[in-house]
**Q** 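Supplied in structure tokens, the structure appears directly below.
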Amino acid sequence: MSEVWVTLTTPQVGPPLWIVLLAALAALTVVTWSASWQLSRGLITIAHEGGHALTALLTRRKLQGIRLHSDTSGVTLTRGRPTGPGMILTAAAGYVAPSLLGLGGAWLTSAGYVAILITIVIALLLCMLLLIRNLFGVVSLVATGGAIAALTWYAPPDVDAVLAYLAVWFLLFGGVRPIVELQRKRRHGRAPGSDADQLARLTFLPGGFWVLLFLLVAGAALLGGAYLLVPLPLAFP
């Protein structure tokens with residue numbers, strides 16, 4: 001156990017600046033290119049539904065289960081008061097969860113604690129696996145967690161660090177696009193049951209306000225994450 005603790009708490013030296021920037025460019029390409037986005041969007045959905053689930057537990061709502069679908073959509077089922085702060089916070093957590101997870105990951109990665117980040121992610125996926133209620137969701141989580149565990153086990157620490165930067169950039173960029181897509185769907189009347197519209201029914205604030213709030217949080221997380229990941233001499237020449 002002492003060796004494990006030392007491994008977790010010993011900071012790793014980060015990759016060169018050009019690799020950090022290349023990882024950012026690669027993540028941005030994956031998010032903006034439609035074909036790669038459709039293949040990778042499910043990872044954002046996992047974070048989205050995980051945000052709903054974690055907030056439901058923190059607000060003492062009864063969590064009934066999570067479903068992940070092949071079209072990259074998902075749903076988190078909770079039970080409790082249909083109104084009130086707990087329901088509002090649970091509904092609001094989904095779209096901001098990937099960005100906030102990315103910001104936390106940026107903090108750990110920039111400080112060199114890649115092993116801690118990987119451990120936290122695998123632990124969250126295992127906890128989420130216990131709540132999945134459909135086969136596709138189980139396969140998605142097992143595949144994601146298995147890939148992370150395999151890369152961590154077989155890849156050298158330097159490669160782990162590069163992959164951590166890539167994953168964090170992906171979360172930061174990937175947290176923004178679904179919000180933009182949400183507003184586009186709402187504009188054409190194709191998302192009447194969205195989180196933003198549920199929040200509009202739960203509060204006196206319109207759905208557009210919640211979309212703007214989601215976007216502001218995601219944008220702030222992206223700027224904060226970039227500030228952490230990119231060295232100060234580059235950020236402030």
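Heavy atoms only: backbone and side chains are in, while hydrogens, waters and symmetry mates are out. Along the sequence shown, residues carry numbers from 1.
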**Q** Measuring only between side-chain heavy atoms, which start at C-beta, is L130 closer than 4.5 Å to L126?
**A** no
**Q** Do I46 and V138 share a hydrophobic cluster (ILVMFWY, side-chain heavy atoms under 4.5 Å, transitive)?
**A** yes
**Q** Going by atom type alone, with no hydrogens or angles, which donor-acceptor pairs under 3.5 Å involve a side-chain atom of residues 158-180 and a protein atom two or more places apart or on another chain?
**A**
unit_1	atom_1	unit_2	atom_2	d
W169	NE1	V20	O	3.3
R177	NE	E181	OE2	2.9
R177	NH1	V31	O	2.5
R177	NH1	T32	O	3.4

**Q** Rounded to the nearest 0.5 Å, how far apart are CZ of R201 and CE of M87?
**A**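 The CE atom of M87 is 9.5 Å from CZ of R201, to the nearest 0.5 Å.
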**Q** With side chain to side chain contact (heavy atoms under 4.5 Å, CB included) as the test, pick out the partner of L125 among L141, V142, I120.
**A** L141
**Q** Is there a path of hydrophobic side-chain contacts, each under 4.5 Å between heavy atoms of I, L, V, M, F, W or Y residues, that connects I19 with Y227?
**A**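 Per the 4.5 Å side-chain linkage, I19 and Y227 are not co-clustered.
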**Q** Is V230 reachable from V114 through a run of hydrophobic residues whose side-chain heavy atoms are each under 4.5 Å from the next?
**A**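 In one cluster with V114: V230, yes.
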**Q** According to a hydrophobic-cluster definition based on side-chain heavy atoms being under 4.5 Å apart (Ile, Leu, Val, Met, Phe, Trp, Tyr only), do L77 and I66 belong together?
**A**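 No; I66 is not reachable from L77 via cluster members.
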**Q** Just how far is it from atom CD1 of I88 to atom OG1 of T83, taken to the nearest 0.5 Å?
**A**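 Reported to 0.5 Å precision, the distance equals 8.0 Å.
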**Q** Would you call L205 and W210 a side-chain contact if the rule is heavy atoms closer than 4.5 Å?
**A** yes
**Q** Do D71 and F136 pass the side-chain contact (heavy atoms from CB on, under 4.5 Å) test, and can you show the C-alpha distance, the side-chain angles, and the key distance before you say yes or no?
**A** CA-CA 10 Å; D71 62 354; F136 182 84; over 6 Å; no
**Q** For A91 and L199, work out which heavy atoms get closest and say how close.
**A** CB-CD2, 3.7 Å
**Q** Is it the case that one hydrophobic cluster holds both L124 and L43, taking links as side-chain heavy atoms less than 4.5 Å apart, direct or via other members?
**A**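 Result: yes, single cluster for both.
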**Q** Quick check: does any side chain N or O of T55 sit under 3.5 Å from a backbone N or O of T90, one acting as donor and the other as acceptor?
**A** no
**Q** Hey, could you give me each pair passing side-chain hydrogen bond (donor to acceptor under 3.5 Å, both in side chains) that has a residue in residues 186-200? Not counting sequence neighbours.
**A** H48-D195, H52-D195, Q183-R186, R186-D197, S194-D197
**Q** In Å and rounded to the nearest 0.5 Å, what is the OG to CH2 distance from S40 to W37?
**A**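 Spacing of OG (S40) from CH2 (W37) equals 6.0 Å.
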**Q** Please report the interatomic distance CG(L229) to CG(L17), rounded to the nearest 0.5 Å.
**A**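 If I round to the nearest 0.5 Å, the distance is 11.0 Å.
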**Q** Given side-chain contact (heavy atoms from CB on, under 4.5 Å), test N134 with H69 step by step and report yes or no.
**A** CA-CA 8 Å; N134 68 323; H69 303 134; 4.0 Å; yes
**Q** To the nearest 0.5 Å, what is the distance between CG on L89 and CG on L58?
**A**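 L89 atom CG to L58 atom CG measures 9.5 Å (nearest 0.5 Å).
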**Q** If you look at every heavy atom in A221 and S99, which pair is closest and at what distance?
**A** CB-O, 3.6 Å
**Q** What is the minimum heavy-atom distance between P11 and A111, and which atoms define it?
**A**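 Taking P11 first and A111 second, the nearest heavy atoms are CB-O, 3.6 Å.
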**Q** Would you find a donor on one side and an acceptor on the other, under 3.5 Å apart, between the side chain of T45 and the backbone of T72?
**A**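 Present.
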**Q** Check G105 against L117 and note the closest heavy-atom contact, atom names and distance.
**A** CA-CD1, 3.8 Å
**Q** Hey, what do you get for OG1 (T59) to CZ (R81), rounding to the nearest 0.5 Å?
**A** 11.5 Å
**Q** Any salt bridge (Lys or Arg N to Asp or Glu O under 4.0 Å) pairs touching residues 143-153, not counting sequence neighbours?
**A** none
**Q** Side chains of R67 and I132: does their closest heavy-atom pair fall under 4.5 Å?
**A** no
**Q** Side-chain contact, heavy-atom cut-off 4.5 Å: L103 with W107?
**A**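 When only atoms from C-beta onward are counted, W107 and L103 do not touch, as no gap falls below 4.5 Å.
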**Q** State, yes or no, whether a side-chain contact exists between L68 and E49 at a heavy-atom distance under 4.5 Å.
**A**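 Touching, per the 4.5 Å side-chain cut-off.
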**Q** Nearest heavy-atom pair of G225 and A106: which atoms, and what distance?
**A**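 Scanning both residues, the minimum pair turns out to be CA-CB, 3.8 Å.
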